[in-house]
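Since we're looking at a predicted model, the values are computed, not measured.
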Amino acid sequence: MHDVQHPCTPSDTTPTATRWGSASTATPDMCGILGLLSHDPSVDVAPEICEGLSLLQHRGQDACGIITCGPKGRFFQCKANGMVRDVFDANALSRLIGGMGVGHVRYPTAGSSHHAEAQPFYVNSPYGIVFAHNGNLINTAELLHFMDATAHRHINTTSDSELLLNIFADNLQKTGKFRINEEDIFTAIGGLMEQCKGAYACTAMLAGFGIIAFRDPNGIRPLGMASRKSGSGMDHLFASESVVADASGFVNWEDVCPGEAVIITRSGVSRRQVGKAAAFAPDIFEYVYFARPDSVLDGISVYRSRMAMGDSLAIEVQRVLKEKNLSVDVVIPVPDTSRVAALNLAQKLNLPYREGFIKNRYVGRTFIMPGQTMRRKNVRRKLNAMALEFANKNVLIVDDSIVRGTTSKEIIQMAKDVGAKSVIVASCAPPIRYSNVYGIDMPSRMELVAHERTTEEIASAIGADLVIFQTLPDLVESVRHLNPRIGRFDCSVFTGEYVTGGVDEAYLQGLEVLRADNVKGKMLVGGLGTLEGKGGGGVNRTKVNGVNGHAEEAPPISASSSHGGDTIGLHNGWGLS
């Protein structure tokens, strides 16, 4: 075991496009993940994991969970549907014992919202593994068949995260060892990367052993690590975004590299490249919308990238306004994501910047809420337009992106209702015409307001006098100039070109069936698609209080080994030097 400085170096190798199976087998999630190991095993990490999850709450508001590992390798869990603040109170946290743990926040993008699918997931064989995942696989049909016919492992939910866990567990099982070591774990993760296609950033925990993180060979979803001095040793953290490390006093933030696996125990840190070389292509939508502005992902400040988006969008706005002989009186952002870009745009064009929409912070993201009617209703519950800033003015409203157009249409109508003479919308992102297959909730193509529409038709559909979109080259350069080592980004929602390959029309049609609003919130028996009796009817194994979703007992989950001591059948357990 050794500490390694391991900078990410993008590969120039582009993966070959291959057909990998039907999308009807996938349940993607946009999530936040977190792993924490305390140098002192007597310090319970659950309160700090809870704090970290609250900082990742923007990545998922549907469900959350924590599993910790305590004495003798026993696991303790609490997970349920709901927000972090509602699921974890002092009573729930007091039952989560142990000096290392894994946490997760989730919202579902297809299939079920059943509480059985709250993460982290757990399997007891081999060795006891806890697992949390952000992303989406695109070859789950093939993997499910392998699970059933070859590995003989039962998949109990519609989540491909559980599938990933079982692939990892099966690869560890193949060692046939009573005690495994880091080499075995690296080999198992390398095998997983050969088998699993798509986007995945994962954290895992082995009973009595340590915490593990790895990232798909394209590095589509974000994941990083940091450390903190603790007595005579170091505490270690994995998280989706650097803001967790900043707030918790961790330093030396580093991104987990594409195709890399990291194993951390109380003896040290091991890092290894285990995936085959592929094009490093982070999802550009993380910078446009999803990540917090105070995070740094893959060496790029989200805040600075949004400033640059505003600067480049200003040039495009100026060009279009001049071409159409139009003028603007005021720039108003749609809170909160577009504020940074809108301010830079206003400064560059020497226009007044005003906060015209006041946000009710106690209503969740409309982007996440299932059901078109619910989303539309919640726009006006969430935002209020101040007539003072709109009346008798030509208004330029800046938004980060336009997805369904539902929110944009309501916002534009609100502006006109309070007296705006004209409403021009400027989007920091180009038109979104294609589904996101890598774990962000993009609706079916038919629900995307830009799909098969011109810019003029989009403006008409949302009720704007004019819509101005950022160009794709400008968007890419706004992000890339902050880290020129990244040669490309996944821009598939704008171009329909998927960096992993293997996404064809049949896949997209199947994905759209799963994402249809009328199936969200249901436990789909066989929802993973291809195997009768598999993948559905999940059972919630956490005792949940019906009032607030708290774990009622949070009993320990039995460790996989019947042998005593902290080693739980593993090579370098806590009790060994």
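Cys257 has its side chain within reach of Gln273: a pair of non-hydrogen atoms, C-beta onward, lies under 4.5 Å apart. Counting heavy atoms from C-beta outward, Arg106 and Cys31 have side chains that approach closer than 4.5 Å. For the pair Ile212 and Ile189, the minimum side-chain heavy-atom distance is below 4.5 Å. At least one side-chain heavy atom of Cys196 sits under 4.5 Å from a side-chain heavy atom of Leu143. Within the 4.5 Å cutoff, the side chain of Val105 has heavy atoms near those of the Cys64 side chain. Counting heavy atoms from C-beta on, the side chains of Ser305 and Leu482 come closer than 4.5 Å. Looking only at side-chain heavy atoms (C-beta outward), Thr187 and Ile185 stay at 4.5 Å or farther from each other. Between Ser492 and Val499 the shortest side-chain heavy-atom distance does not fall below 4.5 Å.
A donor-acceptor pair is defined here as one N or O able to donate and one able to accept, closer than 3.5 Å; such a pair exists between the side chain of Asp40 and the backbone of Ser42. The backbone N or O of Glu194 sits less than 3.5 Å from a side-chain atom of Lys197, completing a donor-acceptor pair. Judged by distance alone, the side chain of Asn166 and the main-chain N or O of Arg153 form no donor-acceptor pair under 3.5 Å. When atom types are taken as modelled, the side chain of His104 and the backbone of His133 share a donor-acceptor pair closer than 3.5 angstrom. Between the side chain of Asn436 and the backbone N or O of Gly439, at least one donor-acceptor pair lies under 3.5 Å. Here the side chain of Asp160 pairs no donor or acceptor atom with the backbone of Leu163 at under 3.5 angstrom. Panel note: side chain Asp255, backbone Gly224; no donor-acceptor pair is recorded below 3.5 Å. A donor-acceptor distance shorter than 3.5 angstrom exists from the side chain of Arg480 to the backbone of Ile486, with no hydrogens or angles considered. Without hydrogens or angle criteria, Arg306 side chain to Tyr287 main chain gives a donor-acceptor distance under 3.5 Å. Checking side-chain atoms of Ser54 against main-chain N and O of Glu51 turns up a donor-acceptor pair under 3.5 Å.
Nearest heavy atoms, Gly101 versus Ile211: O-CG2, 4.4 Å. Looking at every heavy atom in both residues, Cys202 comes nearest to Leu164 through SG-CD1, 4.0 Å. Across every non-hydrogen atom of Leu56 and Ile33, the tightest pair is CD1-O, 3.6 Å. The nearest pair of heavy atoms linking Asp235 to His39 is OD1-N, 2.7 Å. The minimum heavy-atom distance linking Val274 with Ala261 is given by the pair CG2-CB, 4.0 Å. In terms of heavy atoms, Cys78 sits closest to Ala92 at SG-CB, 4.2 Å.
With sequence neighbours excluded, the residues that form a side-chain hydrogen bond (donor to acceptor under 3.5 Å, both in side chains) with Ser295 are Glu241. Here Pro217 pairs with Met193, Tyr200, Ala278 under the side chain to side chain contact (heavy atoms under 4.5 Å, CB included) rule; sequence neighbours left out. The side-chain hydrogen bond (donor to acceptor under 3.5 Å, both in side chains) search around Arg304 returns none, not counting sequence neighbours.
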Check the pair Ile167, Asp170 against side-chain contact (heavy atoms from CB on, under 4.5 Å), reporting the backbone distance first and the verdict last.
CA-CA 5 Å; Ile167 293 289; Asp170 182 64; 5.8 Å; no

Test side-chain contact (heavy atoms from CB on, under 4.5 Å) applied to Cys69 and Val130, step by step
CA-CA 9 Å; Cys69 185; Val130 169; over 6 Å; no

Going through the distances and angles, do Ser270 and Glu182 end up as a side chain to side chain donor-acceptor pair (under 3.5 Å)?
CA-CA 8 Å; Ser270 290; Glu182 287 87 351; 5.0 Å; no

Residues Leu34, Thr203; criterion side-chain contact (heavy atoms from CB on, under 4.5 Å); working and verdict:
CA-CA 7 Å; Leu34 194 155; Thr203 57; over 6 Å; no

Between Val302 and Asp294, is a side-chain contact (heavy atoms from CB on, under 4.5 Å) present by the stated rule, with each step listed?
CA-CA 7 Å; Val302 176; Asp294 45 349; over 6 Å; no

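Taken from CZ in Phe186 to CZ in Arg271, the straight-line distance is 10.0 Å, to the nearest 0.5 Å. The structure places CZ of Phe76 at 9.0 Å from CG of Leu96, a figure rounded to the nearest 0.5 Å. How far CZ of Phe280 is from CG of Asn483: 7.5 Å, rounded to the nearest 0.5 Å. Here Leu206 contributes atom CG and Tyr127 contributes atom OH; the two are 9.0 Å apart, rounded to the nearest 0.5 Å. How far CG of Leu223 is from CZ of Arg221: 11.5 Å, rounded to the nearest 0.5 Å. In this structure, the separation between CZ on Phe146 and NE2 on His152 is 9.5 Å, given to the nearest 0.5 Å.
With Tyr438 as reference, Thr500 is the one residue of Thr500, Asp490, Asn218, Asp283 to meet the side chain to side chain donor-acceptor pair (under 3.5 Å) rule. Applying side-chain contact (heavy atoms from CB on, under 4.5 Å) to Met205 and the options Ile129, Leu37, Ile67, Leu36 leaves one that passes, Ile67.
Checked by atom type, the side-chain pair Gln195/Asn171 shows a donor-acceptor distance below 3.5 Å. Donor-acceptor pairing under 3.5 Å is recorded for the side chains of Ser161 and Gln119.
Salt-bridge formation is detected for the pair Lys177/Asp184: a Lys NZ or Arg NE/NH1/NH2 atom is positioned less than 4.0 Å from an Asp or Glu carboxylate oxygen. Between Glu183 and Arg272 there is a salt bridge, with a side-chain nitrogen of the basic residue lying less than 4.0 Å from a carboxylate oxygen of the acidic one. In this structure, Lys79 does not pair ionically with Glu117, as no charged nitrogen and carboxylate oxygen lie closer than 4.0 Å. A salt bridge does not link Arg215 with Glu260: every distance from a Lys NZ or Arg NE/NH1/NH2 to an Asp or Glu carboxylate oxygen is 4.0 Å or more. Look at Arg292 and Glu286 and you find no salt bridge, because none of the NZ, NE, NH1 or NH2 atoms lies under 4.0 Å from a carboxylate O.
A tilted orientation is assigned to the rings of Phe131 and Phe168, their planes being inclined by 30° to 60°.
Residue Tyr303 places its OH atom among 12 or fewer non-hydrogen atoms of other residues, nucleotides or ligands, all under 6.0 Å distant. Atom NZ of Lys229 is surrounded by more than 12 heavy atoms from other residues, nucleotides or ligands within 6.0 Å.
Here Phe285 and Phe290 keep their ring centres 6.0 angstrom or further from each other.
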